Amino acid sequence: METISSILYYYSQNAAYVWVEFYRHFLMSAYGVLFAAIVAIPVGIFIARYNKLSTWVISLANIIQTIPALAMLAVLMLVMGLGTNTVVFSLFLYSLLPIIKNTYTGIRNVDHALLESGKAMGMTKFQVLWMVELPLAMSVIMAGLRTALVITIGIATIGTFIGAGGLGDIILRGTNVTDGTPIILAGAIPTALMAVIADVVMGWLERNLSPIKKRKGSLKKNIAERAA
Amino acid sequence: MLKFDHVSKVYKGGKRAVHDLNLEIAKGEFICIIGPSGCGKTTTMKMINRLIEPTEGAISINGVDIMKSDPVTLRREIGYVIQQIGLFPHMTIQENISLVLKLLKVPENKRRARARELLSLVDMTPDYLELYPHELSGGQQQRIGVLRALAADQPLILMDEPFGALDPITRESLQEEFKKLQRKLEKTIVFVTHDMDEALKLADRIVIMKDGQIVQCDTPDEILRNPANEFVEEFIGKDRLVQARPNIQTVEQIMSPNPITITGDRSLSEAIQLMKQHRVDSLLVVDEMKILQGVIDVEIIDQKRKKASLVRDVVEAEVFTVDKETLVRDTVRKILKMGMKYVPVVDDKHRLVGIVTRASLVDIVYDSIWGVDELTKIG
Ligand SMILES: Nc1ncnc2c1ncn2[C@@H]1O[C@H](COP(=O)(O)OP(=O)(O)OP(=O)(O)O)[C@@H](O)[C@H]1O
Ligand SMILES: [Mg+2]
């Protein structure tokens with residue numbers, strides 16, 4: 001009980017600060033995923049075309065994924081120095097695997113008959129990609145972005161160690177004072193909340209982009225009624 | 001308009017799917033390609049729009065080698081219904097039907113109108129335009145698949161088992177609908193199937209394939225009448241051959257081979273004796289070479305027996321005859337309509353070889369009405 005009131009007290013005193021860090025945290029994660037998407041989606045499409053490359057590329061992304069976040073930050077810091085850019089870059093690296101993998105899977109899973117159907121109707125290779133493969137793979141690709149975003153929101157908390165700010169800043173402060181539990185929680189709770197919200201929103205997007213549209217069944221019923 | 005010239009296809013790995021195929025298809029013709037699974041039907045079809053490129057030989061459309069035209073342009077000019085229907089699940093029926101038009105950059109409102117018009121061809125209401133494929137039944141989806149190939153009004157349409165996944169009843173009604181459509185729209189159609197009934201019903205010519213080669217290519221009648229070999233016979237099936245009999249038999253096969261005859265130098269009393277003996281009312285008159293001279297019947301003998309004594313003096317030379325090679329189908333109606341009791345059958349030298357009586361026609365008509373019915377009941 002006491003902890004909760006302490007947390008609330010902390011928020012009331014530091015509302016502006018928490019908000020700024022929250023926003024900053026979100027932006028770092030979002031940029032990391034965005035840049036990763038710009039690279040990873042084309043790569044995923046590419047390796048779906050040239051299947052032989054896929055094992056190589058996916059293994060590479062897998063290796064990146066296994067590097068501990070602190071180690072990664074430390075190494076990148078040596079090259080890129082302190083600051084936000086380094087954090088965004090490491091988030092970018094962590095986002096690559098889920099996005100590449102899902103893009104690859106999404107595209108490979110498009111029914112071969114549909115590709116042939118498109119080709120037979122006279123679509124160019126680009127049109128097949130744009131009008132058939134991407135729309136049909138979109139929800140799987142979105143699932144990749146969703147995973148990536150949730151991962152990066154978690155990892156971004158350690159950005160504070162190299163001076164990038166974010167909600168990790170609050171947590172770090174909490175660890176540095178005696179009886180800092182309420183402060184640690186004041187940083188941790190919004191992080192978790194952000195991850196959950198991101199997950200829910202992206203999940204909603206994913207469902208909406210699914211190629212098989214679910215509707216309320218009103219249209220079909222209309223027809224049935226009219227036919228009867 | 002479409003010509004295969006010594007076309008072969010060898011897949012990677014050495015599988016020879018099509019071997020030295022020669023075929024010429026005329027404009028407006030409905031060709032069915034039929035054969036057991038894996039005989040190369042789909043391969044043959046896909047080579048026409050370059051989804052698969054031939055290893056050897058050349059295919060030309062209206063005299064132009066397809067390898068010389070741009071594959072994308074070529075495909076937009078050929079309607080194609082793939083074996084697996086292949087409607088795009090993320091597009092509405094309207095978008096699916098008018099996709100080729102979209103590729104051809106036809107404006108939106110025209111595309112919409114065309115989709116609507118096509119839908120009415122298969123008796124579906126415009127309500128369906130905004131639905132997605134998964135909201136349609138299998139039969140409706142196949143119809144849309146066919147419409148999609150008609151959308152840009154291409155003169156040549158390739159169809160790979162378009163009615164494959166349907167129950168017999170829906171299938172039958174779609175076949176009917178489609179045959180009507182084809183006549184109306186005057187398209188050249190290459191239609192792959194492995195259902196012989198479908199081929200017999202729809203095709204102008206049937207191409208029977210086996211192991212990548214053409215075994216026989218003929219009209220349905222011709223194939224039923226003269227199957228090229230045992231494979232074709234087996235493929236058509238005994239039932240169908242029996243069913244087809246009434247229509248495709250020659251007169252020779254159904255005539256009675258030993259009509260009662262008399263030569264011209266016999267006397268009328270001998271003729272009467274003969275009639276009485278065989279309980280017939282007329283005799284066919286032939287000479288020593290068995291060449292038909294005419295006919296006498298009991299009425300003529302009765303009228304003229306005072307003035308004449310020999311058969312040749314009273315013979316009625318005007319007789320309707322049929323050649324033994326003519327089809328029963330072509331003869332039956334004629335005989336029945338002219339009200340003749342019998343028709344003599346002659347060979348090419350006008351020699352009498354047999355006779356068709358009304359009684360033998362009754363057998364045929366009976367077979368073709370009840371015989372077939374019984375077979376369908378069993379099958
Ligand atoms: N891409 C391919 N690579 C190698 N072999 C193939 C390929 N496609 C087809 N074949 C082989 O070529 C032969 C002919 O195949 P095709 O698809 O033309 O048969 P089909 O007559 O259409 O059969 P079905 O009635 O089952 O559709 C088959 O033996 C098949 O295994
Ligand atoms: Mg096939």
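Bear in mind that the values here come from a model prediction, so they are computed numbers and not experimental data. Below, chain A is the first sequence line, B the second, and so on; all start at residue 1.
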A side-chain contact here means heavy atoms from C-beta on lying under 4.5 Å apart; do B:Leu99 and B:Glu95 qualify?
no
Minimum side-chain heavy-atom gap B:Leu104-B:Arg76 below 4.5 Å
yes
Applying a strict 4.5 Å limit to non-hydrogen atoms, the region of A:Met138 in contact with chain B is neither
Side chains of A:Glu206 and A:Ser139: do they bring a donor and an acceptor to under 3.5 Å?
no
Top of B:Arg50, B:Arg75, B:Gln84 for chain A proximity - count of heavy-atom pairs under 4.5 angstrom:
B:Arg75
Would you mind checking which part of B:Tyr80 comes under 4.5 Å of any heavy atom in chain A, side chain (CB onward), backbone (N, CA, C, O), both or neither?
side chain
Should the pair B:Phe163 and B:Phe178 be assigned to parallel (<30°), tilted (30 to 60°) or perpendicular (>60°) ring geometry?
perpendicular
With a 4.5 angstrom heavy-atom cut-off, which part of B:Leu87 approaches chain A: side chain, backbone, both or neither?
backbone
When B:Leu51, B:Asn49, B:Val81 are compared by non-hydrogen pairs under 4.5 Å with chain A, the top option:
B:Leu51
Answer yes when A:Glu116 and A:Lys119 have at least one side-chain N-carboxylate O distance shorter than 4.0 Å, and no when they do not.
no
